[in-house]
Amino acid sequence: MLSDILVIDFSQHLPGPYATLRLADRGAQIVKVETPQGDPARHPKMKDQGDNYLFRAHGRNKKSMVLNLKEEPQRFVALDLISQADVVIESFRPGVTKRLGISYEDVVQVNPRIVYCSLSGYGQNGPMHQMGSHDINYMAISGALAQMTDDDGAPIAPSMTFADMIGGIAASEAILAGLVQRGKTGKGTYLDISLADVMVTLMTNHVLMESATGNRRGLAKLHKSLVCYAIYQTKDQRYISLGALEPKFWENFCQAVEKPEWLSAHYSPQQDENPVYQEIQALIRSRTLAEWTSFSLEVDCCMAPILEAGELHDHPHIRERRLIEEQWGLRYVATCYQSEGSVLQHATPSPKLGEHTEEWLTRLMKK
């Protein structure tokens, strides 16, 4: 869909590269401009002496061009490259692009149709815009981290970098909106995407409901409240999720496990004093995760196994939709959602540092 779109990517680490990975999976041409030292995400090297796995995860279908933007002649090369592009994305701290000569104000002089995206922690202005932070900080300040708690109510640091990944999704979404606008008006645009801002938007339900009711848990009945919407442990100490909120799904579950007497307990509490809750726990513990996974594929009751990363590729849904495939000795996840064909089938691996510098310099000389 984006085969005629050229993206110049000055971003590093995770959010920006994930945003451009999503564009690359949709066919965009991505030229990753790196310093002579390369994206820090390349380091440290792995046991095979290749780039860090973080870089490999987000580097496919991209070209690498090395430019030292601290040197004026190479800044001119960068602007020459940008003059031919559709999109620029950068993730420097606010003010850095101005010092490097590739700010939006600089770029728009050579390419007024550019869609320019600045992706940062706290945006280009505001009281915290110059502050350094990481994923856990954006999770914290947005209120999202307060929603992830243990049984005592203490926040739990997740192993998923939600702000980085969701911020990348938001950036790619905004870039696509900018391209749509340009297609209609012929005008480019500037996008100021803040990871903290993006995480705040995930609190849409929670903020409104708290202001109206004082409840801090959003859809409170979904938070460790009902027997029909819960996580249960299996016989082999694994876990399954049950989300049978609607009566039809709860009825399907109860009938399938031959427990029609549970029907009236649909919205009963997840409490040890509740005999139905105790009985469901005992039932789930009587079968293995594999058995419940088979059950979930046969009975329409909103049940799904809680899978580990190494198990995803074997699940029928993920396998059929071709979301994960093995390439270059590793498993990669596609960011396009499709069941026919695969965005990974003809993919190229993450580039070596500066691998395509000469190729793009030659193109610029021939333009």
Within one Ile-Leu-Val-Met-Phe-Trp-Tyr cluster: Leu21 and Leu312, side-chain cutoff 4.5 Å | no
Pro94 backbone acceptor or donor facing Gln130 side chain under 3.5 Å: yes
Within the side chain of Gln29, is there an N or O that forms a donor-acceptor pair under 3.5 Å with the backbone of Asn61?
-> no
dist Met303:CE -> Ser296:OG (nearest 0.5 Å) comes out at 7.0 Å
If you count the non-hydrogen atoms of other residues, nucleotides and ligands that lie under 6.0 Å from CD1 in Ile231, is the total more than 12? no
For Asp9 and Gly16 the tightest heavy-atom approach is OD2-O, 4.4 Å
Practice problem: For Gln233 and Tyr239, run side chain to side chain donor-acceptor pair (under 3.5 Å): C-alpha distance rounded to whole Å, both residues' side-chain angles, the deciding distance at 0.1 Å, then the answer. | Solution: CA-CA 4 Å; Gln233 190 176 48; Tyr239 296 89; 3.2 Å; yes
Closest non-hydrogen atoms of Glu258 and Pro260, given as atom of the first, atom of the second and distance, are C-CD, 3.4 Å
From CA spacing to verdict: side chain to side chain donor-acceptor pair (under 3.5 Å), Gln147, His206
CA-CA 10 Å; Gln147 300 302 315; His206 291 73; 3.3 Å; yes
Using modelled atom types and a 3.5 Å cut-off, is there a donor and acceptor pairing between side-chain atoms of Glu34 and backbone atoms of Asp39? yes
### Test item: side-chain donor near acceptor, Asp192 and Ser118, under 3.5 Å
no
Are Ser225 and Tyr267 close enough that a side-chain donor and a side-chain acceptor fall under 3.5 Å?
-> no
Here the pair of heavy atoms bringing His356 nearest to Lys62 is CE1-O, 3.9 Å
Whether Gln74 side chain and Glu71 backbone form a donor-acceptor pair below 3.5 Å: no
| request: Give a yes or no on this: more than 12 heavy atoms of other residues, nucleotides or ligands lie within 6.0 Å of atom CE of Met46. | output: yes
_Using 30° and 60° as the class boundaries, would you call the ring planes of Phe92 and Phe10 parallel, tilted or perpendicular?_
tilted
ask   = Do other residues, nucleotides or ligands put more than 12 heavy atoms under 6.0 Å from Arg319 CZ?
value = yes
query: Do any N or O atoms from the side chain of Thr149 and from the backbone of Pro155 form a donor-acceptor pair under 3.5 angstrom?
result: no
Give a yes or no on whether the backbone of Ser83 and the side-chain of Asp80 come within a donor-acceptor separation of less than 3.5 Å.
no
Here the pair of heavy atoms bringing Arg287 nearest to Thr234 is O-CB, 3.4 Å
By side-chain hydrogen bond (donor to acceptor under 3.5 Å, both in side chains), Ser194 pairs with (sequence neighbours left out) Asp197
Rounded to the nearest 0.5 Å, the CE atom of Met65 sits from the CD atom of Glu358 at a distance of 8.5 Å
So CZ of Arg182 and OG1 of Thr189: to nearest 0.5 Å the spacing works out to 11.0 Å
In this structure, OH of Tyr116 is separated from CD1 of Ile89 (nearest 0.5 Å) by 10.5 Å
Q | Short side-chain to backbone donor-acceptor contact, Asp106 and Ser103, under 3.5 Å | A | yes
Checklist line | Under 3.5 Å: donor-acceptor pair, side chain of Asn274, backbone of Val276 | finding: yes
When rounded to the nearest 0.5 Å, the distance separating CG of Asp300 from CD of Glu251 is 12.0 Å
Asn111 side chain to Ala85 backbone, donor-acceptor under 3.5 Å:
yes
*ILVMFWY cluster, Leu119 and Val88 together (side-chain gap under 4.5 Å)*: no
| message | With a 4.5 Å cut-off on side-chain heavy atoms, are Val87 and Leu6 touching? | response | no
query = Has His134 got more than 12 heavy atoms of other residues, nucleotides or ligands less than 6.0 Å from its NE2?
reply = no
Does any non-hydrogen side-chain atom of Met209 lie less than 4.5 Å from one of Leu219?
yes
In terms of heavy-atom contacts, Pro349 and Trp328 come closest through N-CZ2, 3.3 Å
Shortest non-hydrogen pair, Gly188 vs Gln181, comes out as O-NE2, 3.8 Å
Check the surroundings of atom NZ in Lys184: do more than 12 heavy atoms from other residues, nucleotides or ligands lie under 6.0 Å from it?
-> no
task = Go through the steps to decide whether Glu90 and Thr97 satisfy the test side chain to side chain donor-acceptor pair (under 3.5 Å), and finish with yes or no.
result = CA-CA 8 Å; Glu90 59 88 9; Thr97 57; 4.5 Å; no
A side-chain contact here means heavy atoms from C-beta on lying under 4.5 Å apart; do Pro40 and His13 qualify?
yes
task = State plainly whether one hydrophobic cluster holds both Met128 and Leu145, where clusters connect Ile, Leu, Val, Met, Phe, Trp and Tyr through side-chain heavy atoms under 4.5 angstrom apart.
result = yes
Ion pair Lys32/Glu355, N-O distance below 4.0 Å: no
Point to revise | Aromatic ring proximity, centroids under 6.0 angstrom, Phe162 and Tyr138 | key: no
* To do: Is it possible for you to say whether Trp292 and Trp250 belong to one hydrophobic cluster, with membership spreading through side-chain heavy-atom contacts below 4.5 Å?
  => yes
Thr161 (side chain) donor-acceptor with Asp164 (main chain) under 3.5 angstrom: no
| task | Flag yes if Ile169 and Val198 sit in one hydrophobic cluster, no otherwise; membership is Ile, Leu, Val, Met, Phe, Trp, Tyr, and two members link when side-chain heavy atoms are under 4.5 Å apart. | result | no
Tell me if the centroids of the rings in His58 and Tyr18 come within less than 6.0 Å of each other. yes
- request: List the steps and the verdict of side chain to side chain donor-acceptor pair (under 3.5 Å) for Thr288 and Glu291.
  value: CA-CA 5 Å; Thr288 65; Glu291 291 174 299; 3.2 Å; yes
- prompt: Would you say the side chain of Phe55 lies within less than 4.5 Å of the side chain of Leu353, judging by non-hydrogen atoms?
  reply: no
